[in-house]
Protein chains: 2
Amino acid sequence: MSSARSRILDTATRLFYAEGIHTVGVDRVIAEATVAKATFYHHFKSKEDLVLAYLTTEYERQKVLLGGAPGTGVERIEAILAKLAEVSVGPGFRGCPFLNAAAEYADPDHPVRHVVDDYRSWYRDLMRDSLKASDRPNADQKADLLLLVRDGIAVAGGLGDKDAVQAGVRTALAAV
Amino acid sequence: MSSARSRILDTATRLFYAEGIHTVGVDRVIAEATVAKATFYHHFKSKEDLVLAYLTTEYERQKVLLGGAPGTGVERIEAILAKLAEVSVGPGFRGCPFLNAAAEYADPDHPVRHVVDDYRSWYRDLMRDSLKASDRPNADQKADLLLLVRDGIAVAGGLGDKDAVQAGVRTALAAV
DNA sequence: ACGGTACCAGACAGATCTGTCTACTGTAAG
DNA sequence: CTTACAGTAGACAGATCTGTCTGGTACCGT
């Protein structure tokens with residue numbers, strides 16, 4: 001991975017997450033990453049290409065972060081929930097990057113939406129498998145709930161609603 | 001309310017909700033509402049003004065719709081949840097207009113975000129008051145949860161995830 | 001009859017956004 | 001040494017977006 005490419009991607013990740021995708025132009029990314037315009041279009045064939053790189057990279061990051069959480073059963077879910085609760089009330093939290101992106105891309109067939117769908121499927125499966133590993137009944141339905149509560153925590157945290165975040169965590173823990 | 005103004009607002013409501021705020025330009029609204037550009041700027045001093053009108057009108061609509069739900073206690077919450085569950089898996093549902101708008105306006109001090117905050121506060125209070133009217137304990141905490149689950153249902157429904165919506169409704173009903 | 005107001009049609013300015021292009025520099029491999 | 005490539009700087013085209021302005025029509029209350 002070349003230095004310029006990662007500088008572009010890091011800058012895009014920071015700006016897209018903090019300010020939104022449509023509000024941040026490629027000129028802004030180029031300026032803050034201190035690369036030439038030609039260099040940008042050498043590494044990414046379009047802005048959409050950069051957006052997809054941003055989301056898929058984030059997806060991979062989450063896989064490493066959450067998949068690598070301690071334990072394999074409900075203790076893993078608890079660890080993930082603890083982490084989620086912590087970051088979602090922390091400074092700089094602006095919601096889930098996938099949900100925010102989905103809100104900006106209304107067409108469900110858009111490639112961006114496919115990444116979002118993939119992420120949510122993966123998360124649901126992670127929950128379901130963890131529940132099954134601890135022999136919990138109704139793993140599928142509980143996984144659906146844990147996904148929905150995760151969405152709610154991300155939204156509430158992004159809006160600065162700490163009370164709702166706590167209520168969500170309590171409910172999720174009670175369900176596992 | 002003049003005919004042109006309501007035509008503009010109706011068109012904006014339809015387009016902003018279905019396609020997002022930043023992706024829809026005023027030219028598009030003007031064309032589909034079949035009004036002159038001068039007429040648009042006669043009624044709304046800027047695009048932001050139109051966006052705020054869209055959201056505050058939606059807020060008022062929700063107040064009438066949900067506040068007018070049958071009953072005053074938990075039966076009102078149940079009626080609201082039933083309605084939410086129904087529309088959120090229906091065609092044309094694209095999530096909560098307030099949450100979608102918040103995702104597009106990253107600055108928490110932006111007027112758009114204030115409307116979103118107002119809506120969520122109102123919804124939480126409606127839940128809390130309904131719980132108290134039925135003498136349910138821990139009304140505040142349960143209201144937080146109902147708000148978070150509402151967020152989750154709106155998100156999941158907007159992404160076409162019917163399973164998660166159902167899981168959310170079950171959990172909310174169990175909590176009241 | 002008249003003045004105000006709501007409306008239509010569309011040109012226009014100015015900013016901004018994406019993407020292309022030219023021209024040049026440094027560097028590492030063959 | 002030279003060829004290929006990653007990089008810099010910045011002009012440029014073409015589209016799009018917001019907001020203003022001109023000019024004209026129709027209705028409504030006084």
Side-chain angles (χ1 to χ4, degrees), chain A residues 1-57 100-101 103-107 109-113 115, chain B residues 1-57 100-101 103-107 109-113 115:
Chain A
M1 178 91 76
S2 86
S3 164
R5 189 183 199 278
S6 58
R7 221 158 61 230
I8 293 167
L9 194 50
D10 288 351
T11 305
T13 298
R14 178 171 55 82
L15 294 177
F16 285 162
Y17 180 67
E19 304 182 25
I21 294 171
H22 289 320
T23 55
V24 173
V26 292
D27 276 348
R28 176 94 183 285
V29 175
I30 286 164
E32 298 208 15
T34 56
V35 296
K37 203 157 194 179
T39 303
F40 174 85
Y41 281 100
H42 173 74
H43 288 292
F44 302 94
K45 74 176 217 290
S46 66
K47 179 182 178 178
E48 184 178 310
D49 201 35
L50 174 65
V51 172
L52 287 171
Y54 152 57
L55 288 174
T56 52
T57 303
N100 289 345
E104 293 203 62
Y105 290 83
D107 180 5
D109 294 328
H110 193 284
V112 161
R113 289 288 293 271
V115 182
Chain B
M1 176 92 75
S2 86
S3 165
R5 188 182 201 276
S6 59
R7 222 157 60 231
I8 292 167
L9 193 50
D10 287 351
T11 305
T13 298
R14 178 171 54 83
L15 294 178
F16 285 163
Y17 180 68
E19 303 182 26
I21 295 170
H22 288 320
T23 57
V24 173
V26 292
D27 276 347
R28 177 94 182 284
V29 175
I30 286 164
E32 297 207 16
T34 56
V35 297
K37 204 157 195 179
T39 304
F40 174 85
Y41 281 101
H42 172 73
H43 289 291
F44 302 94
K45 74 176 216 289
S46 66
K47 180 181 177 180
E48 186 178 309
D49 201 35
L50 174 64
V51 173
L52 288 172
Y54 154 55
L55 289 174
T56 52
T57 303
N100 289 346
E104 294 203 62
Y105 289 83
D107 179 5
D109 293 328
H110 193 283
V112 161
R113 288 289 294 270
V115 181

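Chain letters run A, B, ... following the sequence lines, proteins first and then strands; every chain starts at 1.
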Go through [options] for me and flag the one nearest to the [X] side chain.
{"X": "A:Y41", "options": "D:dA6, C:dC7, C:dT20", "answer": "C:dT20"}
{"X": "B:A38", "options": "C:dA9, D:dG19, C:dC7", "answer": "C:dA9"}
{"X": "B:K47", "options": "D:dG7, D:dT18, C:dC7", "answer": "D:dT18"}
{"X": "B:S46", "options": "C:dT20, D:dG10, D:dG19", "answer": "D:dG19"}

Residues that B:A33 engages under side chain to side chain contact (heavy atoms under 4.5 Å, CB included), provided they are two or more places apart: B:I8, B:T11, B:V35
Nearest-angstrom distance from the residue atom [atom1] of [X] to [atom2] of [N]:
{"X": "B:K45", "N": "D:dT20", "atom1": "NZ", "atom2": "P", "answer": "11 Å"}
{"X": "B:H42", "N": "C:dA9", "atom1": "NE2", "atom2": "P", "answer": "16 Å"}
{"X": "A:F40", "N": "D:dA6", "atom1": "CZ", "atom2": "C1'", "answer": "16 Å"}
{"X": "B:L50", "N": "D:dC17", "atom1": "CG", "atom2": "P", "answer": "15 Å"}
{"X": "A:F44", "N": "C:dT18", "atom1": "CZ", "atom2": "P", "answer": "14 Å"}

Could you tell me the separation between the OH atom of A:Y105 and the CZ atom of A:R113, rounded to the nearest 0.5 Å? 12.0 Å
With rounding to the nearest 0.5 Å, note down the distance linking NE2 in B:H43 to CG in B:D49. 12.0 Å
Quick check: A:F16 with A:H22 (ring centres under 6.0 Å apart)? no
Give a yes/no on whether any side-chain N or O of A:T39 is located under 4.0 angstrom from OP1 or OP2 of D:dA6. no
Under 4.0 Å between a side-chain N/O of A:H43 and OP1 or OP2 of D:dG7, yes or no? yes
side-chain contact (heavy atoms from CB on, under 4.5 Å) between A:T13 and A:T57, worked out: CA-CA 9 Å; A:T13 298; A:T57 303; 5.8 Å; no
In residues 16-24 of chain B, what residues come within less than 4.0 Å of DNA chain C, judged by heavy atoms? none
Residues that A:H42 engages under ring pair (Phe, Tyr, Trp, His ring centres under 6.0 Å), provided they are two or more places apart: none
With sequence neighbours left out, what residues match A:F40 under ring pair (Phe, Tyr, Trp, His ring centres under 6.0 Å)? A:F44
Return the minimal non-hydrogen interatomic distance between B:A103 and A:A103, and the atom names on each side. CB-CB, 3.6 Å
Hey, can you pull the residues of residues 25-37 of chain B with a non-hydrogen atom under 4.0 angstrom from DNA chain D? B:G25, B:V26, B:D27, B:K37
With salt bridge (charged side-chain N to carboxylate O under 4.0 Å, His left out) as the rule and sequence neighbours excluded, what pairs involving residues 25-45 of chain A come up? A:R14-A:E32, A:E19-A:R28, A:D27-A:K37, A:R28-A:E32
